[in-house]
Amino acid sequence: MELTIGWLYPKLMSTYGDRGNVICIQRRCQWRDIPVKILPLEQTSDAALFLQADVIVGGGAQDRQQEIVMRDLQGAKAEALKNQLDGGIPGVFTCGSPQLLGHYYEPALGKRIQGLGLLDMVSKHPGPEAKRCIGNVVFEITAEPLRQELQAMTGEIPIVIGFENHGGRTYLQTVAPLGKVKTGYGNNGEDGFEGAFHQKAIATYSHGPLLPKNPFLADWLIRTALEKKYQKQVQLTPLEDRLAQQARAAMLKRLE
């Protein structure tokens with residue numbers, strides 16, 4: 001078995017260490033002797049390349065870079081990405097990239113930028129004088145069937161640790177929230193929700209990067225991608241995660 005990671009706009013959307021999510025998936029595959037290929041999906045990429053990804057990773061960006069991406073991700077590229085995610089290809093999208101998947105993003109200054117409309121949500125920046133949502137974030141995953149699948153994998157309630165740094169606020173419509181905030185702001189600092197979940201796609205404001213802090217999410221993405229690709233059940237070889245588990249325990253104790 002082998003895996004191809006589609007990396008959305010790596011030169012424009014890798015703010016706050018989000019490339020670490022790509023590295024984490026890559027390493028956890030390699031440690032299991034699963035060959036892995038990283039496929040950059042950028043401005044010069046043909047739309048057909050989007051259909052070659054087994055798992056898709058998108059990171060954050062500043063408003064200027066995000067606008068460039070949102071204007072490029074139209075037409076055949078947008079349709080290919082929609083087909084992938086609607087078809088059950090797993091993905092993890094952090095901060096700016098979930099805003100691409102919503103109906104629109106309204107920056108602090110300038111015109112509204114239209115998104116793909118794949119996730120039924122909107123994102124708005126309250127203005128240049130508004131306080132940013134910055135700090136450690138902890139949330140419990142509530143989205144189904146993700147919550148159930150993660151509990152079956154780990155034997156524990158899935159708690160995610162990350163770091164958020166966003167000016168925009170996201171408001172969900174019919175799309176399911178990814179989780180419920182325990183510490184931090186989450187989507188907007190108002191309704192207590194964090195992120196969104198669609199088919200097998202995780203959308204979140206959680207940097208950190210997300211996957212090294214929460215390796216069970218990386219393993220879920222790997223397993224889900226392999227099962228989708230090869231149409232059979234996959235059992236991943238357990239890895240030695242003692243240091244990650246100790247770090248998570250220390251962070252959770254600090255943030256109680």
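For reference, positions follow the sequence shown, starting with 1.
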Does a donor on one side chain and an acceptor on the other come within less than 3.5 Å for [X] and [Y]?
| X | Y | answer |
| --- | --- | --- |
| Y171 | S123 | no |
| R132 | N165 | yes |
| Q30 | R27 | yes |
| D86 | N83 | no |
| R254 | N136 | no |

Quick one: does [X]'s side chain get under 4.5 Å of [Y]'s, heavy atoms only?
| X | Y | value |
| --- | --- | --- |
| L8 | M13 | no |
| R112 | E106 | yes |
| Q84 | L51 | yes |
| C133 | R169 | yes |
| M1 | V234 | yes |

Check whether any side-chain N or O of [X] sits under 3.5 Å from a backbone N or O of [Y] as a donor-acceptor pair, and report yes or no.
| X | Y | result |
| --- | --- | --- |
| H207 | P209 | no |
| D54 | L3 | no |
| T224 | L221 | no |

Please confirm whether K77 makes a cation-pi placement over F50, using NZ or CZ under 6.0 Å from the six-membered ring centre and within 45° of the ring normal.
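No - K77 does not lie over the ring of F50 by the 6.0 Å and 45° rule.
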Is K180 paired with E140 through a side-chain N to carboxylate O contact shorter than 4.0 Å?
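Looking at E140 and K180, the cut-off is not met.
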Would you call R248-D241 a salt bridge at under 4.0 Å N-O?
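Looking at D241 together with R248, the answer is no, because their closest N to O distance does not fall below 4.0 Å.
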Please determine whether side chain to side chain contact (heavy atoms under 4.5 Å, CB included) holds for the pair V55 and I222, giving the CA-CA distance in whole Å, both sets of side-chain angles, and the decisive distance to 0.1 Å.
CA-CA 8 Å; V55 58; I222 294 167; over 6 Å; no
Test side chain to side chain contact (heavy atoms under 4.5 Å, CB included) on I68 and Q43 and set out the steps.
CA-CA 9 Å; I68 294 171; Q43 289 173 284; 3.5 Å; yes
More than 12 heavy atoms from other groups under 6.0 Å of [atom1] on [X]:
| X | atom1 | result |
| --- | --- | --- |
| Q173 | CD | yes |
| R32 | CZ | yes |
| K182 | NZ | no |
| E240 | CD | yes |

Go through the steps to decide whether I202 and F197 satisfy the test side chain to side chain contact (heavy atoms under 4.5 Å, CB included), and finish with yes or no.
CA-CA 5 Å; I202 293 170; F197 186 69; 4.1 Å; yes
When hydrophobic residues are tied together by side-chain contacts of less than 4.5 Å, even through go-betweens, does W220 share a cluster with F93?
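No, W220 does not connect to F93 through the hydrophobic network.
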Is there a path from V122 to Y185 through hydrophobic residues (I, L, V, M, F, W, Y) whose side chains come within less than 4.5 Å of each other?
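Shared cluster, no.
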For a side chain to side chain contact (heavy atoms under 4.5 Å, CB included) with Y104, tell me which candidate from Q99, K111, Q114 qualifies.
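For Y104, the side chain to side chain contact (heavy atoms under 4.5 Å, CB included) test succeeds with only one of Q99, K111, Q114, which is Q114.
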Which one of V137, L210, I134 satisfies the side chain to side chain contact (heavy atoms under 4.5 Å, CB included) criterion with F163?
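Only match with F163 under side chain to side chain contact (heavy atoms under 4.5 Å, CB included): I134.
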Considering non-hydrogen atoms only, spot the tightest contact between [X] and [Y] and give its length.
| X | Y | value |
| --- | --- | --- |
| T94 | P98 | C-CD, 3.3 Å |
| V181 | G186 | CG2-CA, 3.7 Å |
| P158 | Q151 | CD-CG, 3.6 Å |
| G167 | P126 | O-CD, 3.4 Å |

Please step through side chain to side chain donor-acceptor pair (under 3.5 Å) for the pair T170 and Y205, ending with a clear verdict.
CA-CA 9 Å; T170 293; Y205 272 118; 2.7 Å; yes
Give the intermediate values and the outcome of side chain to side chain contact (heavy atoms under 4.5 Å, CB included) for residues L172 and D120.
CA-CA 6 Å; L172 307 182; D120 192 12; over 6 Å; no
